[in-house]
Amino acid sequence: MQEETLLLTQNDRDRLKVLHEVRKGHITQRQAAEQLKLTDRWIRELVERIAEKGDKAVMHGLRGARSKRKIAEKIEKQAMEIVGREYADFGPTLASEYLERDHQITASRETVRHWMLRAGIWKKRKQRLEEVHVWRTRRSCFGELVQWDTSDHDWLEGRGARLYLIGMVDDATSRGEGRFAPGDTTAENMRLVWAWLKKHGRFVDGYTDRAGLFQTNRPNQRDEERDGKLAETQIGRALRELGIGWIAARSPQAKGRIERFFETAQDRLVKGMRKAKVRTLEGANTYLEQEYLPLWNERFTVQPASEVDAHRPLGKEHDLASILSYVEERVVGQDFTIRYGGKFYQVAREQIKAGLKGQRVRVEERLDGSLVAQWSGKLLRITVCKAARATAAAPVARKAGVKKSGKSGNPRWMHGFDLNSGPSLEQVVAHAYGESEEESERAW
């Protein structure tokens, strides 16, 4: 008779040993129930089953049977053909989402991972212990702290110009906002801040690295030391005028929320734009705003510890067009002009007032490209005027008796003084030493 091979787990073997002790009469059913943490009734049932079926009675009846919920092999084959053709570099999670959305093949992330392993598309990754960092507790309120940074990455994978993703993430909820830009500039960062302020209000503190956009590396100038002001960047000035604090991060790990935002975007966002055939800056921003950010804010955010929104509303004094601009001070000249960017700007005649000469005015180069001047809280209308340049004039022949000063004749103090009618030099010397004219001539 052919022997049957049983695949028993360790738990099955332990249970079988106790049940055999019961059958041999070495222990009672109650003692067996206490050891196996089962009921007396179930012990009696198992003993009877062993007597009828043998040791396989301790195994579950459905062990080894095909699950009724298992996906058919032809669907697995179809899914792996699609993944190999279109999503070869996708991870199991992202591949399962695209299979369900675009191909109506519904399978869990773990199922797709097993399929990809069997097909050789995905390889097991060895887990390694990374350096452990102490986790900082999230802020409790939405808007209490906003992390802010820029990611330089090949977002279009060579299909277009190189882009930068400027992002902001709330620390309490991980809610994100972002925009693509051709460069990591002050103006582009201000545009993102404008979008956040219009949507949510003024956050309490901004958390960034110590890049030159946020922190100056120069010493204070003399007028700044005199006025007791610290050197600040244009973004630093704008945050101060908005009543928003600024905190500098000491390491990339310190701003982990925004770093993970970029890490996820470099996988999901890049592949999504590839499938959407995005090639331009405008297309990238459209996909980001309409597809990716809604997905992020729906799936990857958390509920804050407090339901209080820490954002503060914008007041009448918060003119975003004025605050979020490039600001410098200029002095009004004697002819009521302002020099800025190598050009002269004339103040409108109806706005000229006493005391305006020599005053410092605030000149704003706004995000829309316009140039605005303010003095004492009021706007000054300025227009470009031509700068007066000194040109070399052709020499003019002067009339006889006219000096360079433009006055004719000799000055009054020279009246009666004629060098030609005066004594000679020998006579003057002889007179000074008391000599005769003949003696003086012999000496010369």
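Here the structure is a predicted model, which is why all the values come from computation and not from measurement.
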With sequence neighbours left out, what residues match His114 under ring-ring contact (aromatic ring centres under 6.0 Å, His included)? none
Can you tell whether the side chains of Lys77 and Glu73 come within less than 4.0 Å, N to carboxylate O? no
For Gln359, look at atom CD and say whether over 12 heavy atoms of other residues, nucleotides or ligands are found less than 6.0 Å away. yes
Could you walk me through whether Arg260 and Glu263 satisfy the salt bridge (Lys or Arg N to Asp or Glu O under 4.0 Å) test, starting with their C-alpha distance in whole Å, then the side-chain angles of each, then the deciding distance to 0.1 Å, before giving a yes or no? CA-CA 5 Å; Arg260 283 187 288 277; Glu263 184 179 357; over 6 Å; no
Does a donor on one side chain sit under 3.5 Å from an acceptor on the other, for Thr186 and Asn189? no
Qualifying salt bridge (charged side-chain N to carboxylate O under 4.0 Å, His left out) pairs with a residue from residues 338-355, counting only residues at least two apart or across chains: Glu350-Arg381
Restricting to side chain to side chain donor-acceptor pair (under 3.5 Å), what partner residues turn up for Trp155, sequence neighbours left out? none
For the pair Asp170 and Arg175, find out whether any cationic side-chain nitrogen is under 4.0 Å from an anionic carboxylate oxygen. no
Could you pull out the closest heavy-atom pair between Asn297 and Thr301, with the gap in Å? O-OG1, 2.8 Å
Arg30 atom CZ: more than 12 heavy-atom contacts under 6.0 Å: no
Is it the case that the ring center of Trp246 lies less than 6.0 angstrom away from the ring center of Tyr207? no
Would you say Thr216 and Glu232 are linked by a side-chain donor-acceptor pair, where the criterion is simply a distance under 3.5 Å? no
Shortest non-hydrogen contact between Ala32 and Val22, atoms and distance: CB-CG2, 3.4 Å
Show your reasoning for whether ring pair (Phe, Tyr, Trp, His ring centres under 6.0 Å) applies to Phe262 and His153. CA-CA 10 Å; Phe262 288 141; His153 186 70; 10.0 Å; no
Got a sec, which pairs hit salt bridge (charged side-chain N to carboxylate O under 4.0 Å, His left out) with one end in residues 194-217, sequence neighbours left out? Glu177-Lys199
Enumerate the ring-ring contact (aromatic ring centres under 6.0 Å, His included) contacts for residues 265-290, please, sequence neighbours excluded, ordered by first and then second residue. none
Given Arg138 and Asp171, is the salt bridge (Lys or Arg N to Asp or Glu O under 4.0 Å) satisfied, shown in steps? CA-CA 6 Å; Arg138 288 178 180 265; Asp171 187 75; 5.9 Å; no
Contact list for residues 101-114, test salt bridge (charged side-chain N to carboxylate O under 4.0 Å, His left out), sequence neighbours left out: Glu110-Arg113
Residues 283-309 vs salt bridge (charged side-chain N to carboxylate O under 4.0 Å, His left out), sequence neighbours excluded, gives Glu97-Arg299
Note: Arg360-Glu329 ion pair, threshold 4.0 Å (strictly below): yes
Does any N or O in the side chain of Gln351 come within less than 3.5 Å of the main-chain N or O of Leu379, such that one atom is a donor and the other an acceptor? yes
Is the ring pair His311/Trp196 parallel, tilted or perpendicular, if the boundaries are 30 and 60 degrees? tilted
With sequence neighbours excluded, residues passing ring-ring contact (aromatic ring centres under 6.0 Å, His included) with Phe300: Trp296
Can a salt bridge be assigned to the pair Glu21 and Lys24 using a cut-off of 4.0 Å between side-chain N and carboxylate O? no
How about CZ on Arg85, more than 12 heavy atoms from neighbouring residues, nucleotides or ligands closer than 6.0 Å, or not? yes
State which residues pass side chain to side chain donor-acceptor pair (under 3.5 Å) with Ser370; sequence neighbours excluded, sorted by chain then number. Asp368
With distance as the sole test, does Arg179 use its side chain to make a donor-acceptor pair with the main-chain N or O of Ile166 at under 3.5 Å? no
What do the steps show when you test Tyr98 against Phe90 for ring pair (Phe, Tyr, Trp, His ring centres under 6.0 Å), and what is the final call? CA-CA 10 Å; Tyr98 274 82; Phe90 283 38; 5.4 Å; yes
If you look only at pairs with a residue in residues 317-337, which of them pass as a ring-ring contact (aromatic ring centres under 6.0 Å, His included), with sequence neighbours excluded? none
Just jot down the side chain to side chain donor-acceptor pair (under 3.5 Å) partners of Thr233, sequence neighbours excluded, or say none. none
List for me each residue that meets side chain to side chain donor-acceptor pair (under 3.5 Å) alongside Gln10, sequence neighbours excluded, and say none if there are none. Arg13, Asp14
Salt-bridge test for Lys255 and Glu259: reply yes if a basic N is under 4.0 Å from a carboxylate O, no otherwise. yes
Return yes if a side-chain donor-acceptor contact under 3.5 Å exists between Gln29 and Asp40, otherwise no. no
Do Ser322 and Glu364 get their side chains close enough for a donor-acceptor pair, meaning under 3.5 Å? yes
